[in-house]
Amino acid sequence: MNNHNENNVSYYVSKFINGTNQSIFLTGKAGTGKTTLLKQIVDTTHKKAVIAAPTGIAAINAGGVTLHSLFHLPFGSYIPDNVIPAGSEFSFQLTTPKTLIRNLKMNSHKKALLREMELLIIDEVSMLRADLLDAIDNILRYVRRNNYPFGGLQILFIGDLWQLPPVIKNEEWNILKRYYSGIFFFNATTFTQTDIIHLELEKIYRQTDTDFIGLLNNFRLNKINQTDIDIINKQYKPQFNLLENEGYIYLTTHNHKADKINKQALEKLAGKSYHFDAYIDGEFNEQAYPIDITLELKKGAQVMFIKNDYSGNQAYYNGKIGKIESVSDSNIIVSFSDGSHPAEVEKYTWENKKFALNKISKEIEEKIVGTFVHYPIKLAWAITIHKSQGLTFENAIIDISQAFAAGQTYVALSRLTSLKGLVLASLVRWSGPETDKTLLTFSQTKTSINDADNKYESESKQYVNNKVSESFDFSTLAIALRGHIETYDKDSNKSSKQKHLKWAQNQLKNTLVLVDISGKFQNQIKSIIKLNQEDYLSCLKERVIAAKDYFVPLLKEKQDEIESHITLVRKEKGIKKYLAELKELQAVFYGQILLIYKSEALCNAILNNEELNKKTFQSITETVKKPEEEKKKKSENSKENKGEPKVKTSIITCALYKQGKSIEQIADERSLNVRTIEGHISNCVKEGIIKINGLVVQERIDEIVYAASELDTTRLKEIKEYLGDDFSYPEIKFVMSWIIYKNTDEK
C-alpha cells in the first residue's frame, strides 16, 4: 500500500471493499464522517451493493432498506438452536433455525438478488441485535447455498457501538441470555466463525476543542471522573429560559417531553397558525416518516432544518436553527441569528427504496417504491436525543436526568460543536448504566495498520483467485440451459414454444463442450495458484488473457445463436413469455463474458497496486455490448442515415425512470411537461417495460380494477368520478395500461 496513505482509514476501507471479500467493521466517534464514507463507497465500488439498517428512519437516512424487509425477518426473537428450552414461558414470537427457513416467504426474484449481491452495507449497526444477525446469517447461507458465514457475502458494518444500543425487552433477554453473552451484533454466534477487520475513523470534524473532545471520549467510554463531572456541571444554568434565548434547542430523552415543549412554545406565539401536510405517494411506512405528517407553523416559530440545502446555495444545513420570518399558505421564509441571509424553504422528497435484480444485466438496481414530500424543517425548541443523531448544534440545552441508555448522554453532548454552547437543565450525577464488558473487550480489537497491510495482501490474492476461477466456471451456463429445457412441459398443440425443444437441447449439448474445456482451464489455474511463485499473479493474468481470447468469441457466438432464434420466433403468436425467457438465457452468457473481463481487470488492479472501481468497471461493460444492443445500435445508425429519430421518446423516459428519477425530475431534465412524461410511463406499462407495482400500491390497483369492472368502462373520467378525489388520473391511467398489457400477454 502507498506509504502516504498508511494512516488513512478511508483508504483502507475502500481498498478492502474493492479488492477483497473481507468483512469489515467501520466505527468512529460522533462527527468523524462515517456517513460520508458510506456514500463514497456506494458511489465508487464496482460491486453489486445493497444498503440496509435496523430501523426505518436509519434506512431512509442511509438511502437503503430495513433489514427486516430485505431478509423477510420475522418479528420477535431468534435462537440459534432448534430445541426451545423446556419450561420456557414467553408471550413473544420465538423463531428457531428450522422454523425460520420453513416460514421464509421469499420469492425467486428476491432470492436471485441475495445470490447476486456482492456487498451488504449495514448502517447504524449499534442498534442491530445479535439474534437478528444470526437469523440473517442463516437466511444467507440457505439462499446463497453456501455454508460460509453470511453465505460467503462481504459485509461492511458501520456504526458507533457507544451510541444507542439494541432495544430488547427483559422477557426476551431472559430467553436469549441462555445463548448469547450480550445483545450487540458482535455477540452473534456466527461472529465466532467470522474473520473481521476492525477499523476506526479518528479525525473528528464536528469539534475542534481538544478538552471538549477528551471529555466526550470519557463519556463515550464511561470513564468519567470527578474532574469531568465538575467541568460539565459548570454549564448548569437553572434559570436559563429557552424562549428568551434564540438559537437554542432543548435535547431530552422522551418524545412526549419534546412534543410538550414545542406545543407550549408555539401556543405562546401570537398570530395565525398555518398547517402543511406531507404528500405521500406509493409505499412509505409510517414508522419511517422523517418528520411529522402535518407541520404547524407561526411567524416567529423556532425551526430546524433536517436536510442540507440541495440547491447548492448552502443557505442552510442539516441541524441549522432559525426562526420563521414570514409564512403563508404557499411560502415559508426562515431567518438566522448568525447573520446569514434568510432562506426560502423548498419542499424535499424523501425516497423509500427497494433493491431489485435486473434480469438482463444482472445488476442490482435501486427502485423507488414510495416518496414522502414535505418541507425539511421541524419545530425546534425541543427534540429527542434519539432523533438528534447525525445533527450538529452550536447551542443546546440538554436534559439527561432520565437517560435510559448508556449511549444517550454521549450522543446528546456530542451534537454540540463546543462546550461554550452547552446549557445543562439538571446537574450530572453520574451513575450511568454500567458498561457492557463484552463491548469493552470488542472495542479493543482494532486492527493495526501493519496487520491491515498483511491482511490485504493475502485477502486480495484470495479474492482474485476466486474471481478468476468463477469467471471460467461455465457450469452455471449448463444449469441455466437445463432449467430452461425443463420449462418445455406442455403439449405442442397448446404451446408454440414446445416445438423449439430440439433447439434448446442442441444449445445444451454444444454448451457442455464449452463446460468440459473450461474445466481443463480451471485445472491450469489451480496449478498456478498452488505453486504460489513470486510472479504467480503475472502468470495468472497471462493465462486469463489467453483464455479470454479463446472463450469470449465462443460465448458471443452462443449469444448470437440465441439472438437469431429470438428473431425467428418473434413473429409467432403467444410467445411473449418465451421471448422473455430467451432474453434471460442470453443474459446468462453475457454475464459470463463480463465476469471474464472483470477477472482480467482485477488481476491488473492487484498487480499495479490499484483499485478496481465503478468507473473502471463501467468502461469495461461499455466495451462488452449485448447482442441486442449491437442490433439496436445498427438500427439506430440506419435510422440516423435516413434522418429518422434514434429512439422512441417514451423509451428515453423509461430509461430515466428505471434510474430512479421521479416523473417531475424527468420532466425537468427533458424540458417536457409532467403530463407528457406520465403518458410515456403509461405507454411503457402497456408494453410491459415498467411494472405497475412500482407505480401504484396493490390495494389501490385492486380498487381501480374493481371500479373499471363495476362500471364496465375504460374511460378515465368515469372511473375517477366513481373513486373520488382520493385517486389521481395518472394512477388510474397506469392501472388501465397495465390491464391492457395483462390482457395482451394472456392472449
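Starting from 1, each residue takes its place in the sequence as its number.
- Counting non-hydrogen atoms of neighbouring residues, nucleotides and ligands closer than 6.0 angstrom, the CD atom of Glu457 reaches no more than 12 such neighbours.
- Shown here is Lys354, whose NZ atom has no more than 12 heavy atoms of other residues, nucleotides or ligands within 6.0 Å.
- Counting heavy atoms from C-beta outward, Val411 and Leu251 have side chains that stay 4.5 Å or more apart.
- The two residues Leu416 and Gly421 have their closest heavy-atom pair at CD2-O, 3.7 Å.
- In this structure, Ile280 CD1 and Ile293 CD1 are separated by 3.5 Å, a value rounded to the nearest 0.5 Å.
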field: side chain to side chain contact (heavy atoms under 4.5 Å, CB included) assessment of His72 paired with Leu104
entry: CA-CA 7 Å; His72 296 230; Leu104 187 64; 4.1 Å; yes
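- Formation of a donor-acceptor pair under 3.5 Å by the Gln154 side chain with backbone atoms of Ile24 is not found in this model.
- The stretch residues 149-165 participates, sequence neighbours left out, in these salt bridge (Lys or Arg N to Asp or Glu O under 4.0 Å) pairs: Asp160-Arg220.
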- request: Before giving the answer on side chain to side chain contact (heavy atoms under 4.5 Å, CB included), spell out for Leu113 and Val50 the whole-Å C-alpha distance, their side-chain angles and the decisive distance to 0.1 Å.
  value: CA-CA 10 Å; Leu113 182 146; Val50 170; 4.3 Å; yes
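- Listed here is the closest heavy atom pair of Ala58 and Glu124: CB-CG, 3.9 Å.
- With hydrogens and angles disregarded, a donor-acceptor distance shorter than 3.5 Å links the side chain of Asp137 to the backbone of Phe150.
- What you find for His68 and Pro74 is that their closest heavy atoms are NE2-O, 3.8 Å.
- Counting heavy atoms from C-beta outward, Ile139 and Leu73 have side chains that approach closer than 4.5 Å.
- Within 6.0 Å of the CZ atom in Phe92, the count of heavy atoms belonging to other residues, nucleotides or ligands exceeds 12.
- In this structure, Glu286 places its CD atom where only 12 or fewer heavy-atom neighbours from other residues, nucleotides or ligands lie under 6.0 Å away.
- The backbone N or O of Leu612 sits nowhere less than 3.5 Å from a side-chain atom of Thr616 that would complete a donor-acceptor pair.
- Aromatic pair Phe442/Phe25: ring centres closer than 6.0 Å.
- Rounded to the nearest 0.5 angstrom, Asn262 CG and Ile383 CD1 are separated by 9.0 Å.
- Of all heavy-atom pairs spanning Ala53 and Ala59, the tightest one is CB-N, 3.6 Å.
- Residues Asn138 and Asp134 fail the side-chain proximity criterion, which asks for heavy atoms closer than 4.5 Å.
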message: Show, in sequence, the C-alpha distance, side-chain angles and deciding distance for Tyr12 and Ile449, and conclude whether the side chain to side chain contact (heavy atoms under 4.5 Å, CB included) test is met.
response: CA-CA 9 Å; Tyr12 276 84; Ile449 296 299; 3.4 Å; yes
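- With values rounded to the nearest 0.5 angstrom, Lys48 atom NZ is found 13.0 Å from Leu119 atom CG.
- Ring orientation note: the planes of Phe184 and Phe186 are close to parallel, at an angle under 30° on the 30°/60° scale.
- The main-chain N or O of Val65 is never found under 3.5 Å from a side-chain atom of Lys353 such that the two would form a donor-acceptor pair.
- Although no hydrogens or angles enter the test, the distance criterion places no donor-acceptor pair under 3.5 Å between the side chain of Asn217 and the main chain of Ile213.
- Residues Phe212 and Thr417 have side chains not in contact (no heavy-atom distance under 4.5 Å, counting atoms from C-beta outward).
- For the pair Arg141/Pro149, a side-chain contact is recorded, criterion being any heavy-atom separation below 4.5 Å from C-beta on.
- In terms of modelled atom types and a separation under 3.5 Å, the side chain of Ser388 and the main chain of Leu391 share no donor-acceptor contact.
- No side-chain heavy atom of Phe16 sits less than 4.5 Å from a side-chain heavy atom of Leu26.
- Considering only heavy atoms from C-beta on, Lys378 stays 4.5 Å or farther from Asp292 through its side chain.
- No side-chain donor-acceptor contact under 3.5 Å links Asn187 to the backbone of Ala130.
- The residue from Thr447, Asp195, Asn450 that alone fulfils the side chain to side chain donor-acceptor pair (under 3.5 Å) condition with Lys455 is Asp195.
- Using a 4.5 Å heavy-atom threshold, the side chains of Asn21 and Asn466 count as separate.
- Lys598 pairs with exactly one of His46, Lys467, Glu470 by the side chain to side chain contact (heavy atoms under 4.5 Å, CB included) rule, that one being His46.
- Side chain of Lys614 to backbone of Val42: a donor-acceptor contact under 3.5 angstrom is found.
- Between the CD atom in Glu351 and the CD1 atom in Ile368 there is a gap of 3.5 Å [rounded to 0.5 Å].
- Remark: the backbone N or O of Gly159 is paired with a side-chain donor or acceptor of Thr27 at under 3.5 angstrom.
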message: Using the rule given for side chain to side chain contact (heavy atoms under 4.5 Å, CB included), can you reason through Arg115 versus Val143, listing the C-alpha separation, both sets of side-chain angles and the distance that settles it, and then say yes or no?
response: CA-CA 7 Å; Arg115 289 185 193 123; Val143 172; 4.2 Å; yes
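- Across every non-hydrogen atom of Pro376 and Trp350, the tightest pair is CA-CH2, 3.8 Å.
- More than 12 heavy atoms of other residues, nucleotides or ligands shown are found within 6.0 angstrom of OH on Tyr179.
- Side chains of Glu611 and Ser14: a donor on one and an acceptor on the other come within 3.5 Å.
- When each of Leu176, Thr95, Ile175, Leu132 is checked for a side chain to side chain contact (heavy atoms under 4.5 Å, CB included) with Ser77, only Leu176 meets the rule.
- For Thr99 against Thr96, the heavy-atom pair with the smallest separation is OG1-N, 2.8 Å.
- Summarising the geometry, atom OG belonging to Ser460 is positioned 11.0 Å from atom CD belonging to Gln22; distances are rounded to the nearest 0.5 Å.
- Using modelled atom types, one finds no donor on one side chain facing an acceptor on the other under 3.5 Å when comparing Asp209 with Ser418.
- With rounding to the nearest 0.5 angstrom, the CD1 atom of Ile249 is 4.0 Å from the CZ atom of Phe393.
- Look at Lys347 and Glu664 and you find no salt bridge, because none of the NZ, NE, NH1 or NH2 atoms lies under 4.0 Å from a carboxylate O.
- Under 3.5 Å, the side chains of Thr45 and Asn18 contain a donor-acceptor pair of N or O atoms.
- The six-membered or imidazole ring of Phe191 lies near that of Phe185, with a centre-to-centre distance under 6.0 Å.
- Geometrically, Lys307 does not engage Phe372 in a cation-pi contact, judged by NZ or CZ lying under 6.0 Å from the ring centre and within 45° of the ring axis.
- No side-chain donor-acceptor contact under 3.5 Å links Thr384 to the backbone of Asn255.
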